[in-house]
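Encoded as structure tokens, the structure appears first; notes follow it.
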Amino acid sequence: MSIFDKKIKFNNEEFIPQFGLGTYELTNTNEIDESIMAALKLGYRHIDTAQIYGNHKQIAKTIKKSGVKREELFITSKIWNKDHGYENAVKAVDRILEELELDYIDLILIHWPTPQRLECWKALEEAVEAGKVKSIGISNFLEEHIDELMKVAKIKPVINQFELHPALPCHSLVEHCRKNNIVVESWGTLIRGKCFEVEQIVELAKKYNKTPAQICLRWAYQLGYVIIPKSSKPERVVDNANFDDFELTQEDMNYIATVKEQRDGPDPSNFNF
Ligand SMILES: NC(=O)c1ccc[n+]([C@@H]2O[C@H](COP(=O)([O-])OP(=O)(O)OC[C@H]3O[C@@H](n4cnc5c(N)ncnc54)[C@H](OP(=O)(O)O)[C@@H]3O)[C@@H](O)[C@H]2O)c1
């Protein structure tokens with residue numbers, strides 16, 4: 001089975017491909033087109049985007065051009081923070097569908113746990129009931145946000161996408177998600193391109209004759225996380241999918257656990273909404 005066929009089951013019986021393509025900061029028309037076309041040609045079938053990335057329309061065009069069938073694809077988008085009030089979230093779902101030229105979206109996430117997160121969740125639950133979205137989930141939610149949502153949700157979140165990589169292994173949050181039957185998805189798996197500066201990762205890359213990016217992806221893949229590395233360069237999009245021909249040993253995993261902790265993105269516990 002290739003990495004493109006590997007799927008993880010959600011608590012609502014739907015499946016997500018474990019490996020996909022991130023699209024943050026992919027805003028230049030040619031870059032979007034080249035990166036996504038290279039990905040689809042190689043076999044990627046899972047694309048992660050968000051309202052705030054501003055690339056829905058171009059992604060829709062490239063998918064059309066590729067000829068890949070809708071039912072083969074898994075598309076995630078996210079409701080941006082300013083749209084978390086109930087009314088705005090209802091409209092945002094429709095806008096996402098329109099921009100991506102889709103009848104339904106596979107997965108929509110609340111992008112960050114803003115103070116209006118529960119109103120946003122209600123709008124997402126209704127979007128599921130209306131058949132506009134198959135699955136709904138959360139992003140950058142901490143344990144307390146998960147507990148709060150689990151108490152009131154009619155539909156439980158299927159996934160939590162958060163900054164998660166060898167320099168930010170988030171053990172307790174991962175465990176909390178799993179205890180609540182929520183799939184774990186890593187963003188920034190390549191330490192957002194900084195994996196090339198991390199001694200332990202570079203050493204393991206030499207040992208296996210792989211790139212530091214492939215070591216990080218293998219680490220996350222073996223831990224069972226959904227991964228969505230982004231690159232604007234077609235050759236890297238291809239290269240990033242090539243981590244299925246080796247296995248990190250327990251000793252290697254322990255060595256990666258010695259990487260100095262470093263958060264790259266905003267901290268959800270003091271994010272300025
Ligand atoms: N939910 C959230 O709040 C949130 C936040 C951030 C990201 N995300 C999602 O997660 C995805 C992945 O996270 P990310 O894009 O922040 O970080 P990432 O995938 O860890 O790293 C992307 C960076 O690494 C570089 N890169 C990619 N492949 C490489 C390779 N083989 N060799 C060297 N450099 C390489 C890219 O540059 P080039 O483009 O120049 O190759 C880019 O600068 C995003 O695209 C987005 O879809 C979600």
Side-chain angles (χ1 to χ4, degrees), residues 16-28 30-36 38-39 42 44 46-56 59 74-81 84 100 106-114 117 120 136-142 145 157 159-168 170 173 177 183-198 201-202 205 210-221 225-243 259 262-269 271 273:
I16 183 169
Q18 189 180 354
F19 182 66
L21 182 74
T23 65
Y24 175 58
E25 286 183 330
L26 213 51
T27 46
N28 171 289
N30 287 342
E31 281 186 353
I32 301 170
D33 194 55
E34 286 173 14
S35 163
I36 292 180
L42 192 69
Y44 286 70
H46 167 187
I47 297 172
D48 182 272
T49 177
Q51 274 183 292
I52 193 72
Y53 303 168
N55 55 20
H56 282 162
I59 289 177
F74 187 101
I75 314 275
T76 303
S77 190
K78 315 180 191 87
I79 308 275
W80 184 240
N81 303 344
H84 288 185
L100 282 167
D106 299 275
L107 176 65
I108 292 192
L109 311 178
I110 299 184
H111 209 140
W112 287 86
T114 66
R117 55 192 176 267
C120 185
I136 52 178
I138 52 187
S139 174
N140 302 303
F141 273 47
L142 299 173
H145 304 126
I159 198 163
N160 188 16
Q161 181 187 110
F162 50 94
E163 185 179 350
L164 176 63
H165 46 68
L168 198 67
C170 302
L173 183 53
C177 289
V183 170
V184 172
E185 178 166 24
S186 150
W187 67 253
T189 319
L190 313 179
I191 322 183
R192 305 186 103 180
K194 297 189 185 74
C195 55
F196 290 79
E197 298 157 20
V198 176
I201 303 293
V202 172
K210 301 302 276 183
T211 66
Q214 289 159 348
I215 297 293
C216 289
L217 291 165
R218 185 73 212 181
W219 170 86
Y221 186 73
Y225 305 152
V226 174
I227 39 181
I228 44 168
K230 169 260 173 185
S231 180
S232 54
K233 300 176 179 59
E235 62 279 12
R236 287 179 175 175
V237 168
V238 172
D239 222 36
N240 288 348
N242 182 11
F243 58 84
V259 171
Q262 188 194 336
R263 184 185 286 281
D264 193 84
D267 183 342
S269 63
F271 190 86
F273 299 109

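Sequence positions, counted from 1, serve as the residue numbers for this chain. Just so you know, ligand 1 is whichever comes first in the structure, and atom 1 is the first atom listed for that ligand. Computed from a prediction, not measured in an experiment: that's the story for all the values here.
- Considering only heavy atoms from C-beta on, Tyr24 comes within 4.5 Å of Arg192 through its side chain.
- Each of Ser269, Cys170, Pro113 was scored for a side-chain contact (heavy atoms from CB on, under 4.5 Å) with Leu142, with one residue passing: Ser269.
- The closest protein non-hydrogen atom to atom 40 (O) of ligand 1 is Lys233 NZ, 2.6 Å.
- What sits closest to atom 16 (O) of ligand 1 on the protein, heavy atoms only, is Arg192 NE, 2.8 Å.
- Both the backbone and the side chain of Ser231 come within 4.0 Å of ligand 1, counting heavy atoms alone.
- Scanning all heavy atoms of the two residues, the minimum distance from Pro17 to Val226 falls at O-CG1, 4.0 Å.
- With respect to Asp48 and Lys78, a salt bridge is recorded, a charged nitrogen being found less than 4.0 Å from a carboxylate O.
- Looking only at protein heavy atoms, the nearest one to atom 22 (C) of ligand 1 is Lys230 O, 3.5 Å.
- Glu185 and Ile159 make their closest contact through OE1-CD1, 3.4 Å (heavy atoms, listed as atom of the first residue, atom of the second, distance).
- Taken from SG in Cys216 to CZ in Phe196, the straight-line distance is 8.5 Å, to the nearest 0.5 Å.
- Under a 4.0 Å criterion applied to the non-hydrogen atoms of Trp112, ligand 1 contributes the atoms 3 (O).
- Below 4.0 Å from some heavy atom of Pro229 lie the following atoms of ligand 1, by number and element: 19 (O).
- In terms of heavy atoms, His56 sits closest to Ser77 at NE2-OG, 2.8 Å.
- Ligand 1 is never approached by Gly265 to a heavy-atom distance shorter than 4.0 Å.
- Within the structure, the closest approach of Thr23 to ligand 1 falls below 4.0 Å when heavy atoms are considered.
- Closest heavy-atom contact between Asn160 and Asn140: OD1-N, 3.5 Å.
- The distance from ligand 1 to the heavy atoms of Thr189 drops below 4.0 Å at these ligand atoms: 20 (O).
- Of all protein heavy atoms, the one lying nearest to atom 45 (O) of ligand 1 is Tyr24 N, 2.9 Å.
- Among all protein heavy atoms, the one lying closest to atom 34 (N) of ligand 1 is Arg236 NH1, 3.3 Å.
- Every heavy atom of Phe162 sits 4.0 Å or more from the atoms of ligand 1.
- The single protein non-hydrogen atom nearest to atom 2 (C) of ligand 1 is Trp187 NE1, 3.2 Å, given as residue, atom name and distance.
- Close contacts between ligand 1 and Ser232 involve ligand atoms 38 (P), 39 (O), 40 (O), 41 (O) [criterion: under 4.0 Å to a heavy atom].
- Within the 3.5 Å criterion, the main-chain N or O of Leu26 finds a donor-acceptor partner in the side chain of Asn55.
- Lys230 contributes atom NZ, which lies 9.5 Å from atom CG of Leu21 (distance to the nearest 0.5 angstrom).
- The shortest non-hydrogen separation linking Leu42 to Val238 is CD2-CA, 3.8 Å.
- The protein atom (non-hydrogen) at minimum distance from atom 8 (N) of ligand 1 is Tyr53 OH, 3.3 Å.
- Below 4.0 Å from some heavy atom of Asp48 lie the following atoms of ligand 1, by number and element: 9 (C), 46 (C), 47 (O).
- Ligand 1 has a nitrogen or oxygen under 3.5 angstrom from a nitrogen or oxygen of Gly188.
- Comparing heavy-atom distances from atom 48 (C) of ligand 1 across Glu31, Gln161, His165, His111 singles out Gln161 as nearest.
- Near Asn140, meaning under 4.0 Å from one of its heavy atoms, ligand 1 places the atoms 1 (N), 2 (C), 3 (O).
- Ligand 1 places these atoms under 4.0 Å from at least one heavy atom of Ser139: 1 (N), 2 (C), 3 (O).
- In Ile228, the parts holding a heavy atom less than 4.0 Å from any atom of ligand 1 are both the side chain and the backbone.
- Heavy-atom separations between Asn240 and ligand 1 include at least one value shorter than 4.0 Å.
- Distances between N or O atoms of Leu190 and those of ligand 1 include at least one value under 3.5 Å.
- Across all their heavy atoms, His84 and Thr114 have their closest contact at ND1-OG1, 2.7 Å.
- Note on ring orientation: taking the six-membered ring where Trp is involved, the planes of Phe271 and Trp112 are parallel (angle under 30°, cut-offs 30° and 60°).
- Residue-ligand proximity, Phe196 to ligand 1, at heavy-atom distances under 4.0 Å covers atoms 32 (N), 33 (C), 34 (N).
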Dump the intermediate steps for ring pair (Phe, Tyr, Trp, His ring centres under 6.0 Å) on Phe243 and Phe19, then the final yes or no.
CA-CA 11 Å; Phe243 58 84; Phe19 182 66; 5.4 Å; yes
